[in-house]
Amino acid sequence: MSVNAIESQMLNYIRFGLNTLVDFTDSFGMSAPKLNEIAEKMEQEGYIVKESYNSIGRFSWLLTDKGAAQLAPLSPEEEELLIGAGISTEQYRILCFVEQNPAALTMQISRGVDLAPNLLVTHIHRLVDLGYLSESGYTRRRVSATESGRQIISRYKNKATA
Amino acid sequence: MDFDVRIIELFLFVAVYCLLMIGIGVLTKKWVGSMSDFFTSGREVGTLTIGLGLAAVIFSGATLPTISGLGISHGLWAGSLYMWGWALGLIIFGRFFGTAARRSGIMTLPEWAEIRYNKNTRTLISIANIVASFGAVFSQVVGLGNNLTAITGIPYWLTALFVVILCTFYMYAGGFWALSVSDMIHMLMVIIGICVCVAFLIGTVGSPVEVMTTVEGADWRVFSFFGKLDFSLRFPSVPSLVFGWLFTQLGCQYYWMRAVSSRSEKTVKRGYVLGAIVATLIGSTLLAGCGIYALKMFGAEALEGKSEVAFGMIIKSLPMGLDGILLLAIVAACMSSFSSTLLGTSSTIVRDIYQQFIKPQANEADLIMPSRVITIGVAVLSYVMALLWKQGAAMALAFVWAFATPTAVVLFLGHVWKRVTDKAANISLAVGLVVTVAAYLSPLKAVIHPMWTAFFSTLIVCVVVTLFTKPRYYGRSDFKPGTPSKSSSLVQNRQMHCVSADAELKAFQDNAHKKAMQELMRPWFGGARYRELIERKHNSGFTVPELIFPHLVKKEGGELS
């Protein structure tokens with residue numbers, strides 16, 4: 001038994017730390033109940049497991065060995081970026097754009113890196129969690145690179161763009 | 001002549017404020033690109049906006065007179081409890097449900113119900129939620145229309161119409177963006193208005209100590225904590241004020257949508273606490289205290305049996321200029337609550353009724369126009385209701401509390417108890433809603449608030465049916481969850497690696513901190529022998545700094561002193 005396109009994409013997102021239901025809804029543009037149904041089916045098939053079954057952990061998933069075996073192999077650069085910095089090449093691209101455009105609005109970044117705003121928000125959220133970006137602004141989000149973010153950019157500059 | 005000048009002044013205040021709101025609508029219209037932008041503002045809202053927005057929701061046209069009225073009829077602290085209950089509920093909601101709502105990716109509360117249970121639960125909760133929220137929407141129209149009519153003398157139908165058109169305009173244009181920005185301004189107006197009112201009262205009537213100790217009935221109004229509140233299940237009572245708001249927050253979409261639209265889970269936690277603090281500081285004892293001041297100013301006889309008019313009497317006694325500021329505070333309070341409840345109701349109708357049953361294939365962009373049209377439809381309906389059933393607004397809060405309770409019980413149980421079944425949720429919701437309607441129609445409501453009959457019936461039915469039905473896969477006793485992979489090429493393991501790296505970093509920082517503390521606390525007086533003694537004591541694990549700051553200094557070996 002193998003996974004379909006959406007399920008495969010979902011496993012891939014979890015690999016990159018985008019493992020919550022809100023990450024899936026914003027990335028796929030589908031409703032939360034529908035995506036939860038897909039994720040629970042995958043859990044029953046043994047590909048993923050919920051972080052917990054009560055409270056907030058019910059909306060986050062981790063890969064099992066069976067799920068990890070379904071993942072497509074990464075290129076050496078992607079793997080190095082993922083293991084070393086915990087991010088994908090797409091997130092690295094966002095990081096570079098923000099570093100060059102401090103205090104950028106989501107809409108500006110969306111246009112700059114050519115990603116839909118909803119999908120972009122999941123990546124920004126991940127980069128903020130990792131401490132590479134910081135957010136500000138009362139109503140609209142403004143994003144800037146942190147010192148750790150700048151270090152990641154310089155460390156992987158040649159490798160990621162290779 | 002004086003009357004005319006006063007009316008013109010009030011008009012000017014309101015007109016400038018309305019222009020500001022229209023400006024917000026025009027500005028935020030550009031930010032809306034999809035339905036999720038319209039209802040969740042792209043999940044971009046920050047802590048301050050969330051906090052002030054939530055505080056703005058509770059300050060409605062009814063809250064200001066109700067709290068000051070409770071201060072007179074039930075006592076200062078009993079009046080304060082109205083807001084303390086709301087604030088406590090908000091903190092609990094933000095900590096345990098708001099963060100989960102943000103992580104779940106839902107847009108509406110019924111969607112959460114479908115995730116945890118099934119489509120039928122979603123439909124039942126949508127109905128309960130629309131009924132509850134609609135009660136809140138139309139009561140705001142009545143409240144604001146009444147207040148404006150009482151102060152300006154303009155006919156009620158016209159003031160109510162004006163309110164509906166203005167709020168609907170900026171909500172139509174900017175959706176949740178407009179709500180977020182305008183709520184910040186509304187709340188600032190409320191803070192300014194109440195502070196100005198309190199400062200005026202202290203300056204003209206007397207200091208709080210003087211007024212509180214000399215007011216009629218000070219022994220029970222000020223010096224008794226619960227005043228005339230009892231522990232019955234009627235309203236107002238201690239259990240109703242403490243739990244009623246939590247049920248409402250859990251069961252009403254407009255509290256969930258703030259969490260959903262916030263920037264991160266941290267923002268939710270902080271924003272909900274901030275909202276609780278702001279509302280408590282401004283709207284509890286200060287407002288109840290205004291009631292006590294009104295008692296001192298106008299006497300107990302003038303307020304006998306109509307304590308809720310005390311706040312209006314205070315406004316009328318204010319000098320020109322100040323009354324305009326306080327009127328704006330009331331207008332702002334009503335507008336914020338009206339806008340929030342309006343958007344909450346329309347988002348449920350669009351997402352859980354229209355998209356579910358009428359246009360299942362519609363995408364986000366397709367739903368912008370229906371979202372706007374439905375927002376207008378709800379506003380028009382609330383205006384018609386406000387004209388036809390003006391007296392119904394008085395029971396709107398009780399109505400909201402009662403109809404939100406079955407939803408709150410089912411969602412709470414489902415969140416904390418994985419065994420709860422879909423059948424139990426659906427049956428208990430249906431029973432809870434029927435019992436609520438029956439409680440309203442029966443004489444029982446004089447003895448027990450319908451909220452409590454809804455609570456007990458839903459809770460009992462849900463628990464009993466759960467024990468006799470089959471749960472979802474993860475609720476079964478033989479279910480064994482899978483084991484997370486330990487493969488090194490996954491972020492989930494990098495997170496584990498980060499934990500150990502963080503621990504090393506923390507140990508290094510603690511050590512550096514300890515050395516810095518030692519240097520800082522090294523005695524700078526006394527002779528060499530004294531310093532030597534202190535240093536020796538320190539190295540053996542006991543120093544003065546450790547006595548004073550035990551949590552900051554670590555003993556050698558890494559154990560906390």
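Naming: A, B, ... by sequence-line order, numbering from 1 per chain.
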Report summary line: Ranked by heavy-atom pairs below 4.5 Å to chain B, first place among A/L35, A/T106, A/I124, A/D65 goes to A/D65
**Report entry** Neighbour count >12 (heavy atoms, 6.0 Å) for atom CG, A/N4
**Finding:** yes
Query - Atom of B/S180, atom of A/T139 and distance for their closest heavy-atom approach - result: CB-CG2, 4.4 Å
**Report entry** Distance-only polar pair, side chains of B/Y474 and A/E43, donor-acceptor under 3.5 Å
**Finding:** no
**Report entry** Top of A/K34, A/Q44, A/H125, A/E37 for chain B proximity - count of heavy-atom pairs under 4.5 angstrom
**Finding:** A/Q44
Requested in this report: Side chain from CB out, backbone as N, CA, C, O: work out which of these in B/F479 comes under 4.5 Å of a heavy atom of chain A, or both, or neither.
Outcome: side chain
Report task. Go through B/E114, B/R103, B/K418, B/H415 and name the one with the most non-hydrogen pairs under 4.5 angstrom from chain A. Result -> B/R103
Requested in this report: Could you tell me which of A/I48, A/V22, A/V121 has the largest number of non-hydrogen atom pairs under 4.5 Å with chain B?
Outcome: A/V22
Query - Under 4.5 Å from any heavy atom of chain A - which part of B/S104 - result: both
Query raised in the report: Do side-chain atoms of A/R141 reach the backbone of B/R43 as a donor and acceptor pair under 3.5 angstrom?
Result: yes
Requested in this report: Test side-chain contact (heavy atoms from CB on, under 4.5 Å) on B/E265 and A/I56 and set out the steps.
Outcome: CA-CA 11 Å; B/E265 287 165 24; A/I56 193 168; 3.8 Å; yes
Query - Side chain, backbone, both or neither of B/L48 within contact of chain A (heavy atoms, under 4.5 Å) - result: side chain
Query raised in the report: Of all heavy-atom pairs between A/L62 and B/P484, which one has the smallest distance, and what is that distance?
Result: CD1-CG, 3.8 Å
Report summary line: Taking every heavy atom of A/F59 against every heavy atom of B/I115, the minimum-distance pair comes out as CE2-CG2, 3.9 Å
**Report entry** Between B/A100, B/G46, B/G53, the one whose heavy-atom pairs under 4.5 Å with chain A are most numerous
**Finding:** B/A100
Query raised in the report: Does CZ belonging to B/F412 count more than 12 external heavy atoms closer than 6.0 Å?
Result: no
Report task. Pick whichever of A/V128, A/N54, A/D129 has the most heavy-atom pairs under 4.5 Å with chain B. Result -> A/N54
Query raised in the report: What part of B/R102 gets closer than 4.5 Å to chain A, counting heavy atoms only: side chain, backbone, both or neither?
Result: both
Report task. Could you tell me the separation between the CD atom of B/E44 and the CZ atom of A/R142, rounded to the nearest 0.5 Å? Result -> 10.0 Å
Query - Closest approach of B/E111 to A/S31 (non-hydrogen atoms, all atoms of both residues) - result: OE1-CB, 4.2 Å
Query raised in the report: Between A/A32, A/P33, A/G137, which has the largest tally of heavy atom pairs under 4.5 Å with chain B?
Result: A/P33
Query - From B/S485 atom OG to A/L71 atom CG, the distance as rounded to the nearest 0.5 Å - result: 9.0 Å
Query raised in the report: Can you tell me how far the CG atom of A/L21 sits from the CD1 atom of B/I106, to the nearest 0.5 Å?
Result: 9.5 Å
Requested in this report: Could you tell me which portion of A/D26 (side chain, backbone, both or neither) has an atom closer than 4.5 angstrom to a non-hydrogen atom of chain B?
Outcome: side chain
Requested in this report: Examine whether an atom of A/S136 lies under 4.5 Å from a heavy atom of chain B, and if so say whether it belongs to the side chain, the backbone or both; otherwise answer neither.
Outcome: backbone
**Report entry** Structural part of B/W417 lying under 4.5 Å from a heavy atom of chain A
**Finding:** backbone
Query raised in the report: Would one find more than 12 heavy atoms of other residues, nucleotides or ligands at under 6.0 Å from atom CZ of A/R93?
Result: yes
